[in-house]
Amino acid sequence: MLTPSQALAQILATIEPIGDVDEMPLTHAAGRVLAKPAVSDIDMPPFRRAMMDGFAVRSADFDGPKLDDGSIQLNCCGEAKAGAPFEGLVLPGNCIEIYTGAEVPDECDAVVMIERTSRQGNRVRLLDSARAGQHVQARADILAEGAQVLAPGRRLTPVDVSVLAAIGAHPVSVFRPVRVSILTTGDELVPAWVKPQKGQIREGNTLFLAHRCFELFHEVLEVGIVPDDEALLERDFGRALESSDALITTGGVSMGKYDLVGKTFEKLGVEPVLHKVAVKPGKPIWFGMRGPKPVLGLPGNPVSALLGLEAFVRPALARLGGETGAGTQERLRRAVWSGPARDAGDRQLNYPCRLEQDADGRERLVPLDWKGSADIVTVIHAEALAVLPADERVEEGQTIDYRPLGRG
Ligand SMILES: Nc1nc2c(c(=O)[nH]1)N[C@H]1C(S)=C(S)[C@@H](COP(=O)(O)OP(=O)(O)OC[C@H]3O[C@@H](n4cnc5c(N)ncnc54)[C@H](O)[C@@H]3O)O[C@H]1N2
Ligand code: MOO
């Protein structure tokens with residue numbers, strides 16, 4: 001059986017990005033994936049910029065004779081404010097009043113903060129001597145015109161969008177979002193608003209999966225329950241596959257007589273790539289492709305579906321959507337196992353934990369009292385899934401990987 005890392009590598013190697021590009025106004029660009037390099041059309045700042053309110057001076061003026069208290073006097077010959085530069089020349093012995101963000105005149109090379117000055121009419125006394133460059137930001141100090149700020153494949157954050165505005169990348173070329181359908185199978189399943197009768201359970205997997213897909217900026221087209229009936233499965237999976245870029249299902253992928261999902265996928269022309277991964281929970285995951293469309297059958301147990309989403313579906317959809325960065329990788333961090341020594345068994349064990357910080361600031365994984373892959377209730381309190389490697393024993397105090405749970 002494949003390890004989770006091997007399975008993910010195979011999934012990522014199989015999926016090609018959709019590649020369709022939209023031109024988006026920056027007001028709607030956060031969460032979308034950049035399709036072309038973002039290059040600055042300006043220097044940042046575009047001119048030498050005052051970083052304090054005060055007086056723009058020629059630092060050489062401070063080399064001359066000083067008053068008894070060490071200060072010097074200059075003549076104030078004008079002002080510059082953000083958006084309204086000083087138009088004249090600042091001759092030796094002169095300064096101008098200047099405000100934060102304003103352009104520093106070419107003749108000046110320093111700004112003295114207003115707090116270190118006193119003024120009477122046009123006579124300004126400067127208590128501190130000025131070092132060349134003081135409180136002046138050089139042109140293009142932050143960024144030069146023509147520099148690439150972001151590479152394609154990046155899912156844009158709110159900070160990115162603010163930078164794209166500053167460099168003139170509006171509208172911005174982004175990949176269109178992935179359209180995904182999410183279906184669950186099982187004759188026992190009823191929706192949240194139905195009181196379960198004998199043998200029935202309320203289903204929540206589709207809601208978890210759909211909300212995670214929203215958080216990950218995908219479009220969710222269809223969400224629903226399909227009974228364990230070959231004809232209905234074929235009809236509903238087939239319809240969802242026609243309209244969507246990817247199909248995610250949950251339930252019906254293990255060995256029982258009514259586990260019809262893999263069989264239905266194959267009837268619909270989905271090419272199988274893998275079935276079963278050495279991971280607990282989540283073992284019977286099914287993955288295949290119909291043309292360019294990934295099809296992922298997750299197990300029905302709710303925590304198995306969660307593991308499948310975090311470990312495989314999240315990176316798979318990120319790749320389909322054109323992402324190239326961390327979103328397409330396994331999301332793993334390191335922390336100290338703070339439970340009793342534990343054997344993982346023959347599959348990688350993903351165990352729900354709280355995350356705590358010890359006195360030294362190190363993160364600790366505190367295992368919850370979890371009842372296995374059907375127990376999603378305990379996972380309410382989990383911030384992480386500790387990753388206990390297959391066929392190994394993890395001792396208390398040992399540093400191991402974990403999968404963070406949460407929005408990212
Ligand atoms: N003989 C074997 N039996 C099982 C194996 C195996 O290898 N050999 N694998 C086990 C493992 S591991 C898992 S995980 C489960 C997965 O089973 P399925 O994917 O076929 O899921 P179902 O049988 O349809 O359902 C399992 C469980 O989850 C509940 N469920 C289903 N859908 C939902 C939903 N949308 N929301 C909430 N709960 C759901 C369902 O009622 C069942 O209780 O198979 C083992 N068996
Ligand atoms: O792999 Mo199953 O998901 O253990 O419960």
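Counting starts at 1 for both ligands and their atoms, in listed order.
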With a 4.0 Å heavy-atom cut-off (strictly under), which part of I201 contacts ligand 1: side chain, backbone, both or neither?
-> side chain
Do the rings of W337 and Y351 sit parallel, tilted or perpendicular, given the 30° and 60° boundaries?
-> perpendicular
Flag [X] as yes when one of its N or O atoms lies below 3.5 Å from any N or O atom of ligand 1, and as no otherwise.
X: E203; value: yes
X: R202; value: no
X: T184; value: yes
X: T185; value: no
X: K283; value: yes
X: P302; value: no
X: T206; value: no
X: G251; value: no
X: P299; value: no

So, do [X] and [Y] sit near enough that their side-chain heavy atoms are less than 4.5 Å apart?
X: V295; Y: F237; value: no
X: L306; Y: L405; value: yes
X: P272; Y: F265; value: no

Verify the neighbour count for atom NZ of K293: are there more than 12 heavy atoms of other residues, nucleotides or ligands below 6.0 Å?
-> yes
Closest to atom 25 (O) of ligand 1 by heavy-atom distance, out of G300, A374, S304, is G300
Charged N to carboxylate O below 4.0 Å: is that the case for E310 and R403?
-> no
Is E215 salt-bridged to R212, cutoff N-O under 4.0 Å?
-> yes
Could you tell me whether a side-chain N or O of [X] sits under 3.5 Å from a main-chain N or O of [Y], the two making a donor and an acceptor?
X: R362; Y: A335; value: no
X: S59; Y: A130; value: no
X: R314; Y: Q329; value: yes
X: R116; Y: L126; value: no
X: Q197; Y: K195; value: yes

[atom]: which protein heavy atom is closest, and how many Å away?
atom: atom 11 (C) of ligand 1; value: P284 CG, 4.0 Å
atom: atom 15 (C) of ligand 1; value: N301 ND2, 3.7 Å
atom: atom 37 (C) of ligand 1; value: N205 OD1, 3.5 Å
atom: atom 23 (O) of ligand 1; value: D259 OD1, 4.0 Å
atom: atom 46 (N) of ligand 1; value: S254 OG, 3.8 Å

Looking only at side chains, do E23 and S173 share a donor and an acceptor under 3.5 Å apart?
-> yes
Consider only side-chain N and O atoms of E330 and S5, and report whether a donor and an acceptor are under 3.5 Å apart.
-> yes
Show me the short polar-atom pairs for ligand 2: any N or O of it lying under 3.5 Å from a protein N or O, with distances only.
from     : atom 1 : to   : atom 2 : distance (Å)
ligand 2 : 1 (O)  : G282 : N      : 2.8
ligand 2 : 1 (O)  : K283 : N      : 2.9
ligand 2 : 1 (O)  : R347 : NH1    : 2.9
ligand 2 : 3 (O)  : G282 : N      : 2.4
ligand 2 : 3 (O)  : S304 : OG     : 2.5
ligand 2 : 4 (O)  : R347 : NH1    : 3.4
ligand 2 : 5 (O)  : S304 : OG     : 3.4
ligand 2 : 5 (O)  : S373 : OG     : 2.5

Might you work through the side-chain contact (heavy atoms from CB on, under 4.5 Å) test for L274 and I11, ending with a clear yes or no?
-> CA-CA 9 Å; L274 63 87; I11 290 170; 4.1 Å; yes
side-chain contact (heavy atoms from CB on, under 4.5 Å) partner of W286, the single match among V277, L296, V270 = V270
Using a 4.0 Å cut-off to any heavy atom of [X], which atoms of ligand 1 qualify?
X: E188; value: 40 (C), 41 (O)
X: G204; value: 36 (N), 37 (C)
X: G252; value: 18 (P), 19 (O), 20 (O), 21 (O), 22 (P), 24 (O)

May I ask whether atom 7 (O) of ligand 1 is less than 4.0 Å from at least one protein heavy atom?
-> yes
